[in-house]
Peer 1: 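First, the structure itself, so that you have it in front of you.
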There are 2 protein chains.
Amino acid sequence: MSSKSEEVPFGRRGTGKPTINDVARLSGVSKKTVSRVINRSPLLNDETRRRVLEVISDLGYVPNPQARALALRTNFLIGLIHDNPNAQMVLNVQQGILEALQGTDFEMIVRPVDRGSAAMLDDVRHFLERQRLYGVILLPPISENDALARLCDEVGCRYVRMGSAELDDPDHMVASNDREAVRGATAYLIEQGHRSIGLIAGPHGFRSATERRQGFEDALAEAKIKLPRSLIAEGNYTFASGLAAAEKLLDLSPRPTAIFASNDEMGAAVVHAARQRGIDVPEQLSVIGFDDTPISAHIWPPLTTVRWPIVSMARSAALKLLVSVGGAEAEADVSEPSMFLSTLVKRASVTPPKT
Amino acid sequence: MSSKSEEVPFGRRGTGKPTINDVARLSGVSKKTVSRVINRSPLLNDETRRRVLEVISDLGYVPNPQARALALRTNFLIGLIHDNPNAQMVLNVQQGILEALQGTDFEMIVRPVDRGSAAMLDDVRHFLERQRLYGVILLPPISENDALARLCDEVGCRYVRMGSAELDDPDHMVASNDREAVRGATAYLIEQGHRSIGLIAGPHGFRSATERRQGFEDALAEAKIKLPRSLIAEGNYTFASGLAAAEKLLDLSPRPTAIFASNDEMGAAVVHAARQRGIDVPEQLSVIGFDDTPISAHIWPPLTTVRWPIVSMARSAALKLLVSVGGAEAEADVSEPSMFLSTLVKRASVTPPKT
DNA sequence: TATCATCTGGAAACCGGTGTCATATACGAA
DNA sequence: TTCGTATATGACACCGGTTTCCAGATGATA
C-alpha cells in the first residue's frame with residue numbers, strides 16, 4: 001500500500017453515491033429499464049415504473065449528469081455569451097435565464113467575450129466545441145454579430161439571439177420593438193411641447209443604436225420637426241461617454257429643451273452634466289432614458305425611461321432553447337414569443353418646456 | 001429507415017471530432033500514452049511526447065471534458081453561489097473568477113439562491129451532489145452562513161468563502177478588513193471636523209454589517225465622541241431601504257453634519273434624500289459610502305467611498321480553489337492572499353462642516 | 001555476464017449512463 | 001389452434017476518457 005502512484009492524484013475523490021446499477025439490482029430490473037423510468041419512456045408497465053421509482057426514492061438516487069452528457073454527446077448547460085458593459089442588464093438576463101431553467105436539469109454557464117479581440121471568434125469556437133453546450137444565448141451587442149451566429153450553426157450549437165430588432169428567423173431570436181418604443185417616447189416629448197430635442201445616440205454600427213435613432217427620427221418627421229445634425233451626439237452606452245455627449249449638447253445655443261438618451265446610463269449622465277452646469281432638470285431640461293435599469297429610478301430626479309422587458313426576453317430565449325426537451329410534459333406547442341414590446345415609464349424628468 | 005425510434009430523440013447530434021483513439025492510432029502509441037501526454041506525466045520519453053503532441057496538433061484534437069469528468073468523478077466547473085442583490089458586485093465577482101479561470105479548462109456556473117427559502121440548504125445540496133462541481137465560491141451575504149460551509153464539506157465539495165472578516169481558516173476564506181477601513185473612513189470625517197455623524201448600518205445579522213458598524217464605533221470611541229442611538233439607522237443594502245434610513249436621520253434635529261452609509265447604494269440614497277429636502281451635499285451634509293461601485297462615481301456629487309477590492313478577492317478565491325491543479329506548472333507554492341485591504345477613495349461628497 | 005531496479009507502454013476494466021437490437025409475453029385475428 | 005403484432009424488458013456495445021496491472025526494455029550494479 002501507499003505505493004507511490006504513477007500519476008498526479010488530481011481531482012479524484014471517492015463517491016459513495018448509488019448508481020443506476022444499484023437501482024436496477026434492488027428493483028430486480030435491468031439498467032435499461034431504470035433508464036427508461038428516468039427518461040419517462042411511455043412504454044413502461046406502470047407497476048414496474050412504480051417499483052423502480054420507489055427504489056430510486058429510497059436510495060436517493062440521482063443520475064450522474066456527466067455520464068449522461070457523455071452518452072448523449074451534449075451536456076445540460078446553457079451558455080450566456082455577452083460583452084455587455086451594463087451590470088444590471090447582464091444580471092437581469094441571467095435572472096431571466098435562470099427562471100427558465102428553474103426546475104429543469106439545466107444550469108447556466110457565463111462567458112464574457114471581448115468584441116475587440118481578433119481572436120474572439122476562435123475563442124468562442126473553441127469554447128463551444130469543447131463544452132458541447134446544449135445551447136447558447138447571445139446578448140447584445142455581440143448578438144448582432146452575424147459571424148457569431150453562423151459559427152454556432154457551424155459547430156452545431158443551438159442558439160438564440162437577443163436583440164433590438166429582427167436579426168434572424170424567430171426560432172433563433174428574441175427581440176424588442178425599440179424603434180417603435182423610442183418613437184413613442186419622443187412623441188411624448190413633442191406632445192409636452194418640446195421642439196428642440198437632442199439625441200444621444202448609441203455607438204455606430206450597433207443595431208440597437210440604429211433602431212433607437214430611427215425611432216427618434218420617425219417621431220420628429222411625423223411632427224415635421226427638422227433635426228439639425230448638431231442635435232445628435234454619439235455615446236457608447238457608458239456613463240462617461242454620455243457625459244461627453246451631454247456636454248456637447250448642453251453647450252449648444254440655443255440649448256435643446258429636452259434630450260433623449262439611448263440608454264439610462266447616458267441619461268443619468270445628462271442629468272449629471274446638467275446639474276454641473278446649474279441647469280435644472282426637469283425645469284430647464286427634460287430627459288428620457290432607455291432600459292429602466294435601477295439607476296433611472298435612483299437618481300434625482302428619477303428618469304422617465306423606456307422599460308425594456310429584458311428579464312422576460314431572456315426567460316423566453318432560454319425557453320426557446322429548451323423546447324423539444326420536456327418530452328412527456330409535451331408542454332403544448334405554444335411557441336415562445338419572439339417579439340417583446342417596450343413601454344414608456346413616466347417619472348419626474350420630463351415637463352413641458354418653459355420657453 | 002425512419003423506423004420510429006423507441007426513445008425520444010433528445011439531444012443527440014453526431015460529432016465528427018477526433019478522439020483519443022485517433023490520436024493513439026496515428027501516432028502509433030496506446031490511449032494511455034496519449035493520456036499521459038495530455039496530463040503531463042513526467043515519465044514519458046521526450047521523443048514519444050513530441051510525436052504525440054504533433055499528431056494532436058495536426059488533428060486539432062481536444063479532449064472531451066464530459067468523458068474526463070466522468071472518469072475523474074469531478075467536472076471542470078467552478079460554481080458561484082450568491083444571494084447578493086447588488087448587480088455590480090455580483091458582476092465584479094464574476095469578472096474576478098473568470099480572470100482566474102482564464103487559460104484553464106475551467107468554466108464558471110452561476111447559482112443564485114434564496115436565503116429566505118427554507119429549502120435553500122436542500123436545494124444547494126442537491127445542486128452540489130448532482131453537478132459534482134470542482135469547487136464553489138460563496139459570495140456574501142450567504143457566505144456567512146456556516147451551515148452552508150458545513151454542507152460543502154459534507155458533500156465533499158471544495159469551497160472558498162468571501163467575506164468581510166475572518167470566517168474560517170484561510171484555505172477556505174478570502175476576506176477584507178472592513179472594520180479597519182470603516183474606522184479610517186469615519187476618522188476622516190472626524191478629522192474634517194464632524195462631530196455629529198449618522199450611520200446607516202447594514203441589516204442585522206450580517207457579518208459585513210456588524211464589522212462596518214464596529215469600525216464606525218471604533219473611530220468615534222477613539223475620538224471620545226458619544227454616539228446616541230438615534231444616529232444609527234438600519235438599512236438592508238438597497239437603495240430604497242437607504243432612502244428610508246436617510247429620511248430618519250435627516251429629520252433629526254439637530255441634524256447630523258455627516259452620514260456614513262454601509263454601502264454605496266444607501267449612500268446614493270442619502271444624497272437623493274438630502275436633495276429632496278433641499279439639503280446641499282456636501283455643503284450642508286457630508287456623505288461616505290462603501291464598495292466603490294460605479295454608482296458612487298456617477299451621482300452628483302460623486303461619493304467619497306471605501307474601495308472594496310472585490311475583483312481581486314474573487315480572483316484570489318478562484319485561484320485558491322484551483323491550487324493543486326496546475327500539476328506540472330508547479331506554480332510555486334505562493335499561496336493566494338486571504339486578507340485584502342480596503343482603501344478610502346476621496347471624492348466630492350465630504351467637506352468640513354459649516355457650523 | 002547475471003541480476004535487479006527503473007522506465008516506458010499496452011491490454012483491459014472502469015466511470016455511469018444511453019442506443020440498438022433481440023426476445024418473451026400477451027392479445028386479437030384468421 | 002396458430003400466427004402475427006404490439007408491448008415490455010433485457011443483453012450488450014458504446015460514449016471518450018482514466019486507471020490498474022503487467023510486461024518488455026533499459027541501464028546500473030555486483
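In what follows, every chain begins at residue 1, and chains take the letters A, B, ... in the order their sequences are listed.
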Peer 1: Whole-Å distance between dG16(C) P and Lys32(A) NZ?
Peer 2: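 After rounding, the reported distance stands at 18 Å.
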
Peer 1: Looking for any heavy atom pair under 4.0 Å, which part of the strands does Val29(A) touch: base, sugar-phosphate only, or nothing?
Peer 2: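 Since only primed, P, OP1 and OP2 atoms lie under 4.0 Å of Val29(A), the category is sugar-phosphate.
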
Peer 1: Please determine whether a side-chain nitrogen or oxygen atom of Ser30(B) lies at a distance below 4.0 Å from atom OP1 or OP2 of dG10(C).
Peer 2: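 So the side chain of Ser30(B) is within the cut-off, an N or O lying under 4.0 Å from OP1 or OP2 of dG10(C).
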
Peer 1: Taking only side-chain nitrogens and oxygens of Asn45(A), does any of them come within less than 4.0 Å of OP1 or OP2 of dT7(D)?
Peer 2: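 Asn45(A) to dT7(D) OP1/OP2: no side-chain N or O under 4.0 Å.
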
Peer 1: Between dT18(D) and Ser35(B), is there an OP1 or OP2 to side-chain N/O distance shorter than 4.0 Å?
Peer 2: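 It does, given that an N or O in the side chain of Ser35(B) lies less than 4.0 Å from OP1 or OP2 of dT18(D).
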
Peer 1: Give the intermediate values and the outcome of ring pair (Phe, Tyr, Trp, His ring centres under 6.0 Å) for residues Phe76(B) and Tyr134(B).
Peer 2: CA-CA 6 Å; Phe76(B) 295 82; Tyr134(B) 188 86; 7.0 Å; no

Peer 1: Is Thr48(B) near enough to dG9(C) that one of its side-chain N or O atoms lies under 4.0 angstrom from OP1 or OP2?
Peer 2: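 True: Thr48(B) side-chain N/O within range (under 4.0 Å) of dG9(C) OP1/OP2.
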
Peer 1: So for Lys31(B) and dG10(C), does any side-chain atom that can act as donor or acceptor lie under 3.5 Å from a complementary atom in the base?
Peer 2: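 Answer is no: no donor-acceptor pair is held.
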
Peer 1: State whether the side chain of Ser27(A) and the backbone N or O of Val23(A) hold a donor-acceptor pair below 3.5 Å, judged by distance alone.
Peer 2: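 The answer is yes, because a donor-acceptor pair under 3.5 Å joins these two groups.
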
Peer 1: Measure the distance from CD on Gln66(A) to C1' on dC15(D) and round it to the nearest whole Å.
Peer 2: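 From Gln66(A) CD to dC15(D) C1': 14 Å.
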
Peer 1: Consider only side-chain N and O atoms of Arg51(A) and Asn45(A), and report whether a donor and an acceptor are under 3.5 Å apart.
Peer 2: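 Asn45(A) and Arg51(A) do not have a side-chain donor-acceptor pair below 3.5 Å.
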
Peer 1: From CG of Asn75(B) over to C1' of dG16(C), roughly how many Å is that when rounded to an integer?
Peer 2: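 Those two atoms, CG and C1', are 15 Å apart.
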
Peer 1: Considering all heavy atoms of both residues, which atom of Tyr159(B) and which atom of Cys152(B) are nearest to each other, and what is their separation?
Peer 2: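 Heavy atoms of Tyr159(B) and Cys152(B) come nearest at CD2-CB, 3.4 Å.
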
Peer 1: Do the side chain of Asn64(A) and the main chain of Thr19(A) share a donor and acceptor less than 3.5 angstrom apart?
Peer 2: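 Not at all, since once roles are kept as given, no pair shorter than 3.5 Å links the two residues.
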
Peer 1: Rounded off to whole Å, could you give me the CG-to-C1' distance for the Asn21(B) and dG9(C) pair?
Peer 2: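 Checked: the CG to C1' distance equals 16 Å.
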
Peer 1: What contact category does Leu44(A) fall into here, base, sugar-phosphate, or nothing, at under 4.0 angstrom with non-hydrogen atoms?
Peer 2: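 Here Leu44(A) touches the backbone only, sparing every base.
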
Peer 1: Can you tell me if the side-chain N/O atoms of Asn39(A) get under 4.0 Å from OP1 or OP2 in dT18(C)?
Peer 2: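 The answer is yes; a side-chain N or O of Asn39(A) sits under 4.0 Å from OP1 or OP2.
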
Peer 1: Closer than 4.0 Å, any side-chain N/O of Thr33(B) to the OP1 or OP2 of dG10(C)?
Peer 2: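 For dG10(C), OP1 or OP2 has a side-chain N or O of Thr33(B) closer than 4.0 Å.
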
Peer 1: Side chain of Leu72(A): nearest nucleotide among dG17(D), dG17(C), dT18(C)?
Peer 2: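 Selected nucleotide: dT18(C).
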
Peer 1: Between dT18(D) atom C1' and Asn64(A) atom CG, what is the distance in whole Å?
Peer 2: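 The distance from CG of Asn64(A) to C1' of dT18(D) comes to 15 Å, rounded to the nearest Å.
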
Peer 1: Checking only heavy atoms, does the side chain of Arg36(A) share a donor-acceptor pair with the base of dG19(C) at less than 3.5 Å?
Peer 2: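 Counting by modelled atom types and ignoring angles, no donor-acceptor contact under 3.5 Å is found here.
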
